[in-house]
Enquirer: 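Please see the structure below; I have some questions.
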Amino acid sequence: MNLNQITVPSLNVARAIQFYEKLGLTLIVEALPHYARFLCPTGDATFSIHLVEQLPNGNGIYVYFECEHLDQHVTNCKQNGIDFEQEPIDQKWLWREARLKDLDGNQLILFHAGENRINPPWRLHN
């Protein structure tokens, strides 16, 4: 299997489109007011937004976007008006991460992990 897309909820898809374009995704489907789909800048994964009447309760959704040049990408996003909750920082699980929320409160993590993305030292070997 290969992951095709992640879909997150939004109260305002048109407004969310602007946010995700600033983040660097390319809009490929615009079915307003109900749905939008983006192509990620690297690879062939897609990301979509669908209209909901109410956002989920609790911690919600966490979406990780891998960035080869994380610090530069964060700088570019900030220049486009994107606010971050956490600047890029090295984590104990060997990933470098920056955190932000989209306009609907979905948690986004921009990260770079290199070899540790799939093969951390503690990976199980079957």
Side-chain angles (χ1 to χ4, degrees):
M1 287 188 279
N2 187 20
L3 179 64
N4 177 38
Q5 76 184 51
I6 300 290
T7 302
V8 298
S10 177
L11 296 174
N12 186 328
V13 174
R15 201 174 87 151
I17 287 171
Q18 295 171 358
F19 174 86
Y20 282 101
E21 285 180 322
K22 285 182 182 178
L23 200 61
L25 279 67
T26 302
L27 184 65
I28 59 173
V29 174
E30 185 177 29
L32 293 176
H34 301 287
Y35 180 80
R37 188 172 180 191
F38 300 87
L39 182 63
C40 294
T42 305
D44 60 2
T46 61
F47 178 82
S48 58
I49 305 162
H50 72 101
L51 181 66
V52 295
E53 291 182 17
Q54 182 177 328
L55 295 170
N57 292 325
N59 290 333
I61 297 167
Y62 287 64
V63 179
Y64 286 76
F65 289 106
E66 188 168 17
C67 303
E68 184 69 27
H69 304 287
L70 175 64
D71 292 70
Q72 184 59 52
H73 189 73
V74 168
T75 297
N76 294 345
C77 288
K78 288 169 65 175
Q79 289 172 349
N80 284 326
I82 302 288
D83 294 321
F84 283 77
E85 297 176 309
Q86 174 188 299
E87 296 288 323
I89 187 170
D90 293 331
Q91 301 289 357
K92 64 182 178 183
W93 48 89
L94 307 178
W95 293 18
R96 186 162 178 79
E97 296 182 353
R99 292 178 179 245
L100 67 152
K101 288 200 167 117
D102 72 6
L103 302 174
D104 293 292
N106 296 305
Q107 181 70 61
L108 307 178
I109 298 95
L110 306 185
F111 78 99
H112 181 264
E115 180 68 22
N116 293 311
R117 178 180 175 266
I118 296 177
N119 295 305
W122 49 85
R123 178 182 171 155
L124 300 176
H125 297 281
N126 299 346

Enquirer: Is the backbone N or O of N106 less than 3.5 Å from a side-chain atom of D104, with the two atoms forming a donor-acceptor pair by type?
Expert: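 Here the side-chain-to-backbone pair does not exist.
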
Enquirer: Can you check whether I89's main-chain N or O pairs, donor with acceptor, with E97's side chain at less than 3.5 Å?
Expert: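 Looks like no, no N/O pair under 3.5 Å.
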
Enquirer: I need the minimum non-hydrogen distance between A16 and S10, along with the two atoms involved.
Expert: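 That would be CB-OG, 3.8 Å.
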
Enquirer: Applying a strict under-4.5 Å side-chain criterion to I, L, V, M, F, W and Y, I'd like to know whether L23 and V63 cluster together.
Expert: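 Yes, same cluster.
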
Enquirer: Treating Ile, Leu, Val, Met, Phe, Trp and Tyr as nodes and any side-chain heavy-atom pair under 4.5 angstrom as an edge, say whether L11 and I49 lie in one connected cluster.
Expert: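 As far as the 4.5 Å side-chain criterion goes, I49 and L11 are not connected within one cluster.
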
Enquirer: May I ask whether L103 and I82 are part of the same hydrophobic cluster, defined by side-chain heavy atoms of I, L, V, M, F, W, Y residues being less than 4.5 angstrom apart, directly or through others?
Expert: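 Yes.
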
Enquirer: So how far is it from H112 NE2 to D71 CG, rounded to the nearest 0.5 Å?
Expert: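 Reported value, rounded in 0.5 Å steps: 10.5 Å.
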
Enquirer: Which heavy atom in V13 sits nearest to a heavy atom in H50, and how many Å separate them?
Expert: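 Answer, listing the atom of V13 first, then H50: CG2-C, 4.0 Å.
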
Enquirer: Look at atom CD of Q54 and say whether more than 12 heavy atoms of other residues, nucleotides or ligands are closer to it than 6.0 Å.
Expert: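 Count not over threshold, so no.
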
Enquirer: Do you know the tightest heavy-atom contact between I61 and P9?
Expert: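 Here I61 and P9 meet closest at CD1-CD, 3.3 Å.
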
Enquirer: Roughly how far, to the nearest 0.5 Å, is the OH atom of Y20 from the CZ atom of F65?
Expert: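 The OH atom of Y20 is 6.0 Å from CZ of F65, to the nearest 0.5 Å.
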
Enquirer: Under 6.0 Å from the CG atom of D90, do we count more than 12 heavy atoms belonging to anything else shown?
Expert: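 Check passes, neighbour count above 12.
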
Enquirer: If you round to the nearest 0.5 Å, how far is CD of E66 from CD1 of I109?
Expert: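 Reported value, rounded in 0.5 Å steps: 13.0 Å.
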
Enquirer: Taking atom CG as the centre, does N59 end up with more than 12 heavy-atom neighbours from other residues, nucleotides or ligands that are less than 6.0 angstrom away?
Expert: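 No, not enclosed.
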
Enquirer: E87 vs K78, test: salt bridge (charged side-chain N to carboxylate O under 4.0 Å, His left out). Steps then yes/no.
Expert: CA-CA 10 Å; E87 296 288 323; K78 288 169 65 175; 2.9 Å; yes

Enquirer: Evaluate V29 against T46 for side-chain contact (heavy atoms from CB on, under 4.5 Å), listing each step before the verdict.
Expert: CA-CA 11 Å; V29 174; T46 61; over 6 Å; no

Enquirer: Looking only at non-hydrogen atoms, find the nearest pair between N12 and R15 and report the distance.
Expert: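 Between these two residues, the closest heavy atoms are OD1-N, 3.0 Å.
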
Enquirer: Kindly give the heavy-atom pair with the smallest separation between L39 and A45, and that separation in Å.
Expert: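 Where L39 meets A45 most closely, the heavy atoms are CD1-O, 3.7 Å.
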
Enquirer: What's the spacing between H34 NE2 and L51 CG if we round to 0.5 Å?
Expert: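 Separation between the atoms: 6.5 Å.
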
Enquirer: Please say yes or no: joined through hydrophobic side-chain contacts below 4.5 Å, possibly via intermediate residues, are Y35 and F47 part of one cluster?
Expert: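 In one cluster with Y35: F47, no.
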
Enquirer: Could you grab the distance from atom CZ of R99 to atom OH of Y64, nearest 0.5 Å is fine?
Expert: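 It is 5.0 Å, given to the nearest 0.5 Å.
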
Enquirer: Does the R123 side chain pair with the main chain of I118, one donor and one acceptor, at a distance under 3.5 Å?
Expert: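 Side chain of R123 to backbone of I118: a pair is present.
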
Enquirer: Looking at every non-hydrogen atom in both residues, tell me the closest pair between C77 and K22 and how far apart they are.
Expert: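 Result for this residue pair: SG-O, 4.2 Å.
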
Enquirer: Linking I/L/V/M/F/W/Y whenever any side-chain heavy atoms sit under 4.5 Å apart, do W95 and W122 land together?
Expert: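 Yes, same cluster.
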
Enquirer: Just how far is it from atom CZ of F38 to atom OG1 of T26, taken to the nearest 0.5 Å?
Expert: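 These two atoms lie 9.0 Å from each other.
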
Enquirer: Does the pair H73 and L110 meet the rule for a side-chain contact (heavy atoms from CB on, under 4.5 Å), with working shown?
Expert: CA-CA 9 Å; H73 189 73; L110 306 185; 3.8 Å; yes

